[in-house]
Asks: 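Below is the structure I would like to discuss, written out as structure tokens.
In the text below, chain A, chain B and the rest are named by the order of the sequence lines, each starting its count at 1. The figures that follow rest on heavy atoms only: side chains count, while hydrogens, waters and symmetry mates do not.
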Amino acid sequence: MNTQPFLEDAEDLYQNAPFGYMTMRADGLIVNINATLLGWLGFERNEIIHQKSFQDLLGMGGKIYFETHMMPMLHMQGKISEINIELKGKDLTRLPTLVNAKRILDHSGFQSFYRLSVLNITQRKQYEMELIKEKKKAEQTVQRLRQINQELEQFAYTASHDLQAPLNTITGLLGILKKDGYFSTRSDGEGLFSMITNNIGRMRLMIKDLLEYSKIDGNELKFEEVSLNEVCGFALEMIEDQVNENNAIFTITKLPVVIGDKIQLVRLFQNLFGNAIKYRSDAEPRVRVEFEENGDDFTVFVKDNGIGFDQKFTDQIFGFMKRLHSHDRIPGTGIGLSACKRILEIHGGTISAESEPGKGSNFHFTLPKLENNTDH
Amino acid sequence: MSNKIILRNNIKFLGNGLQPIVFAHGYGCDQNMWRFITPAFEKDYRIILFDQVGSGNSDQSAYDFEKYSCLKGYVEDLIEICDELHLQKVIFVGHSVSSIIGILASVERPDLFDKLILIGPSPCYINDHGYHGGFTRQDIDELIETLESNYLGWSSFITPVIIGHPEMPEYSEELRNSFCNMNPEIAKHFAKVTFMGDNREDLSKVSTPALIIQCHPDVIAPVEVGEYVHQKIPENTYVLLNTSGHCPHLTAPDQVISSIQSYLKN
């Protein structure tokens with residue numbers, strides 16, 4: 001085996017390296033070019049050296065880029081790297097390249113020249129174009145989805161809002177019928193009347209919840225520092241009647257301050273507190289709110305002594321319009337907890353629950369701590 | 001003096017004189033491009049350097065795509081800078097697109113400016129019925145494409161994000177170009193605003209005396225364009241330098257300095 005050191009011939013290495021080389025004057029005039037680059041461009045040496053400037057090899061867009069960015073950078077920094085620019089070959093073929101350049105001084109030390117290394121990136125470029133195309137497509141899709149979402153929110157809001165008016169009219173008309181004696185007591189009419197009013201009540205609840213839900217994404221958010229204790233206070237005020245009717249007792253420990261939208265957080269607690277009362281057991285409702293710190297998050301617990309539910313239904317209860325009980329047994333729409341889930345998604349948190357029938361429920365959710373929440 | 005504007009435009013002060021001279025860089029660069037010129041003026045002038053919003057070390061968050069969708073946004077900024085710094089009888093030196101920004105500002109507020117020095121001015125880059133701007137619409141589209149594929153060329157803003165440690169400057173500093181930083185989206189937007197604008201009508205409204213500094217050949221602002229500006233601005237002096245390219249203040253700073261000095265002396 002020949003172990004003699006392999007000696008490179010400098011000129012041969014320059015001319016035939018698997019890389020393009022070029023040297024230009026400060027004004028761009030090409031004073032040297034290697035055989036590899038000549039081959040890529042399809043020019044003869046004498047057509048280039050002292051005949052063409054680097055700019056002559058560029059399209060108009062490339063020329064502007066060269067004059068406004070590359071050249072100033074070269075003069076100020078003495079080097080540039082990874083500039084992606086297209087060179088025009090002799091037969092006007094386009095050669096996508098990646099160019100690095102560095103300033104050198106000539107032997108006299110007065111005039112500066114620039115050495116360029118030119119990498120042919122035809123295949124890379126193809127790949128890049130595909131990536132750019134896919135990126136644009138993805139951006140357009142996101143844009144479209146965003147718009148569709150907005151329209152849907154608007155639709156849900158308008159539909160539920162507009163359903164209220166005819167429902168109010170129906171309620172009013174029924175009242176007149178009742179007053180005028182169309183549903184006399186102890187008749188079939190009375191039973192039917194009570195079914196109609198029940199159904200109207202159910203529809204009213206459904207519209208109210210749908211409206212609330214559509215407002216979560218529909219309204220503009222205002223992220224600010226919010227005390228969760230204050231938020232719990234507001235939520236309790238909103239359901240004061242329910243609390244009093246059921247003799248419910250809420251124990252709220254000291255809770256943290258978070259960054260969030262106050263209105264939405266009040267809605268979150270209002271839903272959870274409302275459920276704790278609605279799904280009460282025979283015992284008077286006792287609800288305890290406390291929190292823990294875990295890494296970057298706070299975890300808030302809302303524990304009750306209600307009827308509880310089978311753990312296997314945990315995912316289901318957070319589903320949109322999903323319920324474990326019939327409306328006749330416990331009225332509801334199945335929107336409240338999915339609204340809670342959506343509110344937490346918006347706040348960068350998650351919600352879950354543990355329960356066992358007859359043993360109460362423990363709803364808990366996470367919210368990011370203050371310092372990690374500055375993006376909002 | 002408003003700190004907000006100083007930060008927004010990364011305003012820097014040099015020199016020991018009283019006469020204010022404001023330097024405004026062109027498209028694709030920042031105030032660093034005046035580094036070979038300013039030393040000659042430090043003794044006698046109060047030099048004000050700044051970065052156009054979106055370029056260099058200006059406050060990127062101040063880049064409002066709406067405001068800067070035409071040169072008017074930049075004109076407002078320039079006037080604000082002069083007003084905030086209480087500058088009077090300003091000598092304004094503008095390169096490329098900033099020479100047009102200076103022209104528009106002087107039309108709006110002639111009281112602020114004493115002289116305009118315009119390096120490579122072009123009121124309209126796109127050819128139009130007998131007017132030779134040097135470019136076609138397609139050329140500008142091609143530039144936008146080049147900018148798009150040079151995501152990394154302007155990349156100091158992007159790199160730390162790619163590395164994923166925007167909070168760890170020691171990683172990003174190394175990769176950062178020290179000059180001419182520009183967010184790629186802004187680079188594209190500013191390119192469109194710069195190269196698709198048409199301010200030919202405004203030239204005749206200039207009442208401030210101007211010096212036009214022209215190179216030959218200059219691909220970006222060809223001699224024909226320089227001569228056009230020379231014909232249209234009422235009171236001006238036209239100097240054709242013995243150098244090529246679009247940035248004589250970088251390639252032939254001595255010629256630029258002596259042209260400005262001899263113009264100001266008269």
Asks: Can you tell me if A:R94 has over 12 outside heavy atoms packed within less than 6.0 Å of its CZ?
Replies: yes
Asks: Given the options A:G59, A:A26, A:P96, which has more heavy-atom pairs under 4.5 Å with chain B than any of the others?
Replies: A:G59
Asks: In terms of heavy-atom contacts, does CG of A:L29 have more than 12 from other residues, nucleotides or ligands at under 6.0 Å?
Replies: yes
Asks: Within a radius of less than 6.0 Å around CZ of B:R137, do more than 12 heavy atoms belonging to other residues, nucleotides or ligands occur?
Replies: no
Asks: Is it the backbone or the side chain of B:Y125 that comes under 4.5 Å from a heavy atom of chain A, or both, or neither?
Replies: neither
Asks: Applying side-chain contact (heavy atoms from CB on, under 4.5 Å), run through B:C29 and A:M76 and close with a yes or a no.
Replies: CA-CA 10 Å; B:C29 219; A:M76 291 188 289; 3.4 Å; yes
Asks: What is the distance from atom NE2 of A:H69 to atom OH of B:Y27, rounded to the nearest 0.5 Å?
Replies: 8.5 Å
Asks: Name the option with the most non-hydrogen atom pairs under 4.5 Å to chain B; the candidates are A:G61, A:G62, A:S112.
Replies: A:G61
Asks: If you count heavy atoms of other groups shown closer than 6.0 angstrom to NZ of A:K102, is the number above 12?
Replies: no
Asks: Indicate yes or no for a side-chain donor-acceptor contact from B:H246 to the backbone of A:E67 under 3.5 Å, with no hydrogens or angles considered.
Replies: no
Asks: Please check if the number of heavy atoms outside A:E151 that lie under 6.0 Å from its CD is greater than 12.
Replies: yes
Asks: If I compare all heavy atoms of A:D27 with all of B:S244, which pair ends up nearest, and what's the gap?
Replies: CB-OG, 3.6 Å
Asks: Could you measure the distance from the NE2 atom of B:H25 to the OG1 atom of A:T68? Nearest 0.5 Å is fine.
Replies: 12.0 Å
Asks: When you compare the side chain of A:M71 with that of B:C247, does any pair of heavy atoms fall below 4.5 Å?
Replies: yes
Asks: Does atom NE2 (B:H216) have a neighbourhood of more than 12 heavy atoms from anything else shown, all under 6.0 Å?
Replies: no
Asks: Using side-chain contact (heavy atoms from CB on, under 4.5 Å), reason through A:M60 and B:L143 one step at a time and then give a plain yes or no.
Replies: CA-CA 7 Å; A:M60 269 301 187; B:L143 167 70; over 6 Å; no
Asks: Check whether B:I220 gets within reach of chain A through its side chain, its backbone, both or neither, counting any heavy atom under 4.5 Å.
Replies: side chain
Asks: If you count heavy atoms of other groups shown closer than 6.0 angstrom to CE of A:M129, is the number above 12?
Replies: no
Asks: Taking atom CZ of A:R115 as the centre, report whether more than 12 heavy atoms of other residues, nucleotides or ligands fall under 6.0 Å from it.
Replies: no
Asks: Rounded to the nearest 0.5 Å, how far apart are CD of A:Q77 and CG of B:N32?
Replies: 9.0 Å
Asks: For B:I140 and A:I64, work out which heavy atoms get closest and say how close.
Replies: CD1-CD1, 4.1 Å
